[in-house]
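Notes to accompany the following structure.
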Amino acid sequence: MSDESGSKVYEDRDWQYFLQLQPSIADVNAAAELAFRAVEAFDRVLQRKRTEKN
């Protein structure tokens, strides 16, 4: 085995490991949905506090 093919094997393994660490589309969508809901809840509370102040 030459050095070039050896580095290719390691590169392939690194790439496979990297891909395993990537979140799935469902994970990303779920996180985005939670973030969106948190921002909406924060906005509702902020609006309510502004209304109570006036």
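All heavy atoms count here, side chains included; hydrogens, waters and symmetry mates do not.
With values rounded to the nearest 0.5 angstrom, Gln47 atom CD is found 10.5 Å from Phe42 atom CZ. A distance of 11.0 Å separates CG in Leu19 from CG in Asp14, rounded to the nearest 0.5 Å.
The environment of CD1 in Ile25 is sparse: at most 12 heavy-atom neighbours from other residues, nucleotides or ligands sit within 6.0 Å.
For Phe36, the ring-ring contact (aromatic ring centres under 6.0 Å, His included) criterion is met by no residue, not counting sequence neighbours.
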